Each structure stands twice: as C-alpha cells, then as structure tokens.
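Please read all numbers here as calculations on a predicted model, not as lab measurements.
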Amino acid sequence: MEEEPAEMLLPKENVDYEAFYLGQPIVAGAEAPYPKVPWDIGEPQPAVVELEQTVDFHDPVLDAGCGPGDNAIMLALRGRRVTAFDSSPAVLGIARERAATAGVDVEFVEADATRLEELAGRRFATVLDSALYHCLGDDERHRYLAALRRVTRPGAQLHLVCWAAGTPGVQQPMVVSEDNLRAIVGAHWDIREVRRTSLTTAVVPDALSDEDIADFRRLGVTIDRERVAVDDQGRIVGPGWYLHAVRR
C-alpha cells in the first residue's frame, strides 16, 4: 500500500478556498493563482457519473464539500433529492447559479464539514464526498466522519472519492493512502469496499506556461508536461480511491 508523503508541501491548514474562488491566492503570500480552479471541470466528475449509474443513491442525498455544485446538479437532474454543503460562500453562489441555469432544485448550505451544525437534526440516507476528504488534515477527518454520522440515519451509505498517489508526471500533496482511509473512515463507518478510480482536473498541460508551472511548484505541485496522463479533452487525470462505507 502507498504511504502518504512525510511532509505536506502545501499545509492544509494554510489553504484558503474562499479566497481562491474569489480570484485570490490559495495560500496567503503566494503569487497570483492559476486562472482556473483546478478541480472545477465545469461538469460532474466522471467518476461520480459512473458511480451514479452503478449504485443506488437513496434520498435524501448529502453532497459533502460540493464546490461549484456540478455533482449535486447531476444527481438532482436524475431525480435525487439533494442537499449540498460547502464552507465557501463564494462557491455556493456559483453552485446556486448553475443549479438555476440547469432548472433543478438543490438545497445549498454553508457549513463547516467538521461540525455540520447547520444540518443538525437531519437524517440523510446517502452521502457523496467527491474530493473533500483529501482536503482535510487527519484530526479534521475524524471530526468530519463523526459529524457525518450525526446527520445520517443508521445504514446510510457513504460514497467517497479522493486522490491517490501515483499520478504520472505530477506530484502533489493532496494524496491519501489506503491505510489512511481504512484507519480513519473505519473508525466511524463500516467499510465495505476500497478500490481504485480516477479523478479529472481542469488543468490542460498544453495550455500551461512556464510561469504557470513555476506557480504550481511554489505551492508544492510539480507538473511534467511530457509525462502527464490526459483525457480526450487534454485535461490531467490521475488515480483516486473509491470507498464505500455504511453507517453503523
């Protein structure tokens, strides 16, 4: 099994997602950010689309760390009753606009993933986590998994997708080991499956300037344009984990 890097080059506690969505550096004092949000691909994450076709998303569904809302919108378009939360007011504004454009009703809530006080008393049947878990430190992960248990019903399903190590041509700090998933998620939920999947980014290597590459490197992300794996749109793709767990 892979091990996580001993040192996180981009400390998670220094990341300011709200600032990044507002067009400011993702870390205070850094250079101007790459002009695209690397995880906003403008459509549902392909791994999540495939997942929705193979598992039952029982209502009500909670989309954890929804970002621009594309996964939640996709689920709503397919008839699911979806509540989605994020800690960034700016990205929730984007998500609401996209939902309105798509003509679907999704409840978007501003909430701290480690507390979920705004969802107290709710009992969700399904949780989708697409790329939130790997943004948290280990202590935060424990609090997050415990908070999810408080807002779900017994037997609720958790479907979690996060980065794994080994992206060709890319080194980045937001990777998770299988051991980490089993130890932390397994402390709160009953794990049924952990397997490989993939994640797609908005980063197109052929469009990166040398300055872009240098900016990424200063944030602890190295990109070798000659070695990266890309999809049919030229976007960087890399290995991820899919975890399925059930609330005790």
Side-chain angles (χ1 to χ4, degrees), residues 17 39-88 91-92 94-96 98-99 102 104-114 116 118-119 122-136 140-141 143-164 174 176 181 184-186 188-201 240-247:
Y17 291 101
W39 54 88
D40 179 7
I41 64 174
E43 62 184 85
Q45 185 62 227
V48 175
V49 175
E50 179 181 354
L51 185 63
E52 192 277 337
Q53 296 170 348
T54 57
V55 303
D56 290 328
F57 279 74
H58 294 294
D59 289 335
V61 178
L62 179 64
D63 183 2
C66 64
D70 295 296
N71 292 326
I73 292 166
M74 179 270 294
L75 291 172
L77 284 169
R78 299 188 181 187
R80 314 300 181 187
R81 182 156 50 92
V82 185
T83 297
F85 77 82
D86 203 284
S87 63
S88 165
V91 82
L92 288 173
I94 295 170
R96 291 185 181 106
R98 292 187 185 181
V104 295
D105 183 15
V106 177
E107 178 187 11
F108 291 103
V109 177
E110 181 183 345
D112 179 339
T114 66
L116 297 183
E118 295 79 3
L119 300 175
R122 307 283 287 273
R123 292 294 180 266
F124 295 95
T126 308
V127 178
L128 170 66
D129 174 340
S130 176
L132 171 58
Y133 182 87
H134 63 228
C135 297
L136 306 173
E140 292 175 313
R141 289 169 180 172
R143 296 198 300 273
Y144 164 55
L145 271 299
L148 286 182
R149 290 193 75 250
R150 292 194 295 270
V151 299
T152 50
R153 61 185 62 164
Q157 308 292 306
L158 169 63
H159 301 288
L160 186 156
V161 179
C162 66
W163 281 114
M174 298 288 185
V176 177
L181 284 171
I184 294 180
V185 180
H188 304 271
W189 293 64
D190 290 332
I191 296 175
R192 299 294 173 85
E193 180 184 14
V194 179
R195 62 170 170 80
R196 288 289 191 166
T197 185
S198 62
L199 286 171
T200 302
T201 76
W241 295 112
Y242 164 65
L243 176 144
H244 173 217
V246 178
R247 184 190 186 279

Q: Take M74 and D63 through the test side chain to side chain contact (heavy atoms under 4.5 Å, CB included) and record every step on the way to the result.
A: CA-CA 11 Å; M74 179 270 294; D63 183 2; over 6 Å; no
Q: Show, in sequence, the C-alpha distance, side-chain angles and deciding distance for C66 and L128, and conclude whether the side chain to side chain contact (heavy atoms under 4.5 Å, CB included) test is met.
A: CA-CA 9 Å; C66 64; L128 170 66; over 6 Å; no
Q: Taking the ring of F57 and the ring of H159, is the distance between their centroids below 6.0 Å?
A: yes
Q: Show your working on side chain to side chain contact (heavy atoms under 4.5 Å, CB included) between L148 and F124 and close with a plain yes or no.
A: CA-CA 9 Å; L148 286 182; F124 295 95; over 6 Å; no
Q: Any chance you could measure L116, atom CG, to L62, atom CG, to the nearest 0.5 Å?
A: 7.0 Å
Q: Only pairs at least two apart or in different chains count here, so list each side-chain hydrogen bond (donor to acceptor under 3.5 Å, both in side chains) that has a residue in residues 104-113.
A: T83-E107, E107-R122, D112-T114
Q: Kindly indicate whether a cation-pi arrangement holds for R195 with W241, taking the cut-offs as under 6.0 Å to the six-membered ring centre and within 45° of the axis.
A: no
Q: Taking side chain to side chain donor-acceptor pair (under 3.5 Å) as the definition, give me every residue that meets it alongside R143, ordered by chain and number, with sequence neighbours left out.
A: none
Q: Does a salt bridge link D40 with R98, judged by any charged N lying under 4.0 Å from a carboxylate O?
A: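 Between R98 and D40 there is a salt bridge, with a charged N closer than 4.0 Å to a carboxylate O.
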Q: Do side-chain atoms of R149 reach the backbone of W189 as a donor and acceptor pair under 3.5 angstrom?
A: no
Q: Starting from the C-alpha separation in whole Å, work towards a yes-or-no answer on side-chain hydrogen bond (donor to acceptor under 3.5 Å, both in side chains) for Y17 and D86.
A: CA-CA 10 Å; Y17 291 101; D86 203 284; over 6 Å; no
Q: Check side chain to side chain donor-acceptor pair (under 3.5 Å) between Q157 and all other residues, then give those that pass, not counting sequence neighbours.
A: H244
